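A short worksheet on the structure shown next.
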Amino acid sequence: MTYKEIIEVAKDCMGFCKACPICNGKVCKNSMPGPGAKGIGDVAIRNYDKWREIRLNMDTICSNEDVDTSFELFGKKFKYPIFAGPVGAVQLHYGDKYTEEEYNDILVKSCAEAGIAAFTGDGTNPNVMIAATTMIKKQNGIGVPTVKPWNIDVIKEKMKLVADSNAFAVAMDVDAAGLPFLKNLTPKAGSKTVDELKQIKEIAQRPFIIKGIMTVKGAKKAVEAGADAIIVSNHGGRVLDQCPSTAEVLPEIADAVKGKIKILVDGGIRNGTDILKAIALGADGVVIARTFVIAAYGGGEEGVKSYAAQLGAELEDAMTMCGVHSLKEITRDIVRL
Ligand SMILES: Cc1cc2nc3c(=O)[nH]c(=O)nc-3n(C[C@H](O)[C@H](O)[C@H](O)COP(=O)(O)O)c2cc1C
């Protein structure tokens with residue numbers, strides 16, 4: 001199943017999302033609910049556009065070895081350095097085709113079968129986390145539940161589900177502090193101090209990933225909190241209008257914390273060449289959200305698996321054309337800024 005075939009089906013069953021041939025944030029712009037961005041709505045567009053401005057330096061004068069795209073994170077081996085991103089409240093944003101449970105079932109299972117892993121979302125409906133962790137358990141822990149920054153008592157409850165799922169890691173999208181539904185909760189949810197994050201890592205009892213880092217200062221605080229990985233992310237423009245793009249901040253964040261913590265990045269990454277660019281700028285791996293949703297709506301499990309394979313093949317091709325044979329060989333001089 002090709003991505004073109006996937007969008008043919010998806011465009012008629014995704015609510016606010018038009019399943020555009022290029023998912024660049026332009027048509028959905030500031031539609032929230034929907035897959036758009038906050039305020040003026042140009043942050044998701046900027047995420048996408050900045051990857052396009054960065055170009056790849058071709059070099060095929062090298063040995064003609066096979067390319068190895070395999071990737072290890074926290075002792076687990078994956079086929080590619082690619083994760084499907086967490087997307088919560090799919091019925092609100094994408095209409096009725098899938099319940100939260102059905103969406104997570106498709107995503108987690110098909111990503112595990114494709115040799116990658118899915119992050120799952122969280123929401124006010126407790127069944128979202130229950131469904132996600134149940135499916136992750138069925139896939140022998142291959143999936144990353146992403147817990148919202150609730151108050152500490154709710155976090156403890158959610159972490160019990162995470163522990164039961166045997167998930168190989170757990171994430172928290174600290175930038176969800178910018179989502180309206182979290183802001184208005186009692187007791188208060190949202191921003192977390194370094195000490196609170198240390199406590200959450202302690203409760204988590206497994207590798208802890210902090211999602212939503214956009215500054216060197218934030219990355220250093222994540223290191224101080226004992227996090228095992230960060231995701232350089234602006235939540236696809238959905239939490240703060242007028243952020244820079246993730247491609248703009250990734251190099252300085254990598255210069256500051258690379259080697260101390262694993263670095264993932266998301267935001268507008270849409271194909272294998274973008275993945276190569278992100279790794280060249282200092283990421284260990286990438287997270288892709290909106291287009292995996294389209295793959296699930298347009299092609300179900302087969303759609304997700306074929307999209308993952310397509311991204312992997314594109315990455316392999318780009319690596320061949322830039323003269324690198326493994327992820328370790330990818331260095332910043334592969335890109336032209
Ligand atoms: C409709 C929608 C819902 C999302 N829900 C979540 C969520 O529950 N948790 C989370 O950490 N990120 C959530 N995100 C953010 C994505 O995981 C990701 O950070 C962002 O979309 C950027 O990646 P992309 O450009 O590949 O979509 C959501 C994004 C969208 C569009």
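Numbers here simply count residues along the sequence, with the first being 1. Bear in mind that the values here come from a model prediction, so they are computed numbers and not experimental data. In each ligand, atom 1 is the first atom listed, and ligand 1 is the first ligand listed.
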| message | I want to know whether Tyr307 and Tyr3 have ring centres closer than 6.0 Å. | response |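 Ring centres of Tyr3 and Tyr307 closer than 6.0 Å.
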
| Is the distance between the ring centroids of Tyr98 and Tyr297 less than 6.0 Å? | yes

Tell me: protein heavy atom nearest [atom], and distance?
atom                    : value
atom 24 (P) of ligand 1 : Arg270 NH2, 3.5 Å
atom 30 (C) of ligand 1 : Arg238 NE, 3.4 Å
atom 18 (C) of ligand 1 : Asp266 OD2, 3.3 Å
atom 23 (O) of ligand 1 : Gly267 N, 3.6 Å
atom 7 (C) of ligand 1  : Lys148 NZ, 3.3 Å
atom 28 (C) of ligand 1 : Pro86 O, 3.7 Å
atom 20 (C) of ligand 1 : Gly236 N, 3.4 Å
atom 11 (O) of ligand 1 : Lys211 NZ, 3.0 Å

| Just checking, Arg46 and Tyr48: is the charged tip under 6.0 Å from the six-membered ring centre and within 45° of the axis? | no

| request: May I ask whether Ile269 has any heavy atom positioned less than 4.0 angstrom from an atom of ligand 1? | output: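 Contact check Ile269 vs ligand 1: negative.
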
| message | Less than 4.0 Å is my threshold; does some heavy atom of Val87 fall inside it relative to ligand 1? | response | yes

| query | Between Asp122 and ligand 1, which part of the residue brings a heavy atom under 4.0 Å of the ligand: side chain, backbone, both or neither? | reply |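 Under 4.0 Å from ligand 1, Asp122 contributes backbone atoms alone.
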
| request: Pick one of side chain, backbone, both or neither for how His93 approaches ligand 1, counting any non-hydrogen atom pair under 4.0 Å. | output: side chain

Atoms of ligand 1, numbered as shown, that sit under 4.0 Å from any heavy atom of [X]:
X      : value
Gly268 : 24 (P), 25 (O)
Ala289 : 16 (C), 17 (O), 18 (C), 21 (O), 23 (O), 24 (P), 26 (O), 27 (O)
Ser233 : 19 (O)
Thr146 : 11 (O)
Gly88  : 3 (C), 4 (C), 5 (N), 6 (C), 7 (C), 8 (O)
Gly121 : 8 (O)

| Which atom pair, heavy atoms only, marks the closest approach of Ala117 to Cys111? |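 Closest approach of Ala117 to Cys111, heavy atoms only: C-CB, 3.9 Å.
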
Under 4.0 Å between a Lys/Arg side-chain N and an Asp/Glu carboxylate O for [X] and [Y]?
X      : Y      : answer
Lys137 : Asp164 : yes
Arg332 : Asp255 : yes
Lys305 : Glu302 : no
Lys138 : Asp105 : no

| Best match, His235, Arg290, Met172, Met32: closest heavy atom to atom 27 (O) of ligand 1 | Arg290

| Is the backbone N or O of Gly36 less than 3.5 Å from a side-chain atom of Arg238, with the two atoms forming a donor-acceptor pair by type? | yes

| field | Test item: Ser245 side-chain N/O and Asp49 main-chain N/O as donor-acceptor pair under 3.5 Å | value | no

| said: Is the shortest side-chain heavy-atom distance between Asp274 and Lys277 below 4.5 Å? | reply: yes

| request: Give the cluster check for Phe83 versus Ile230: same hydrophobic cluster or not, with ILVMFWY residues linked at side-chain heavy-atom distances below 4.5 Å. | output: yes

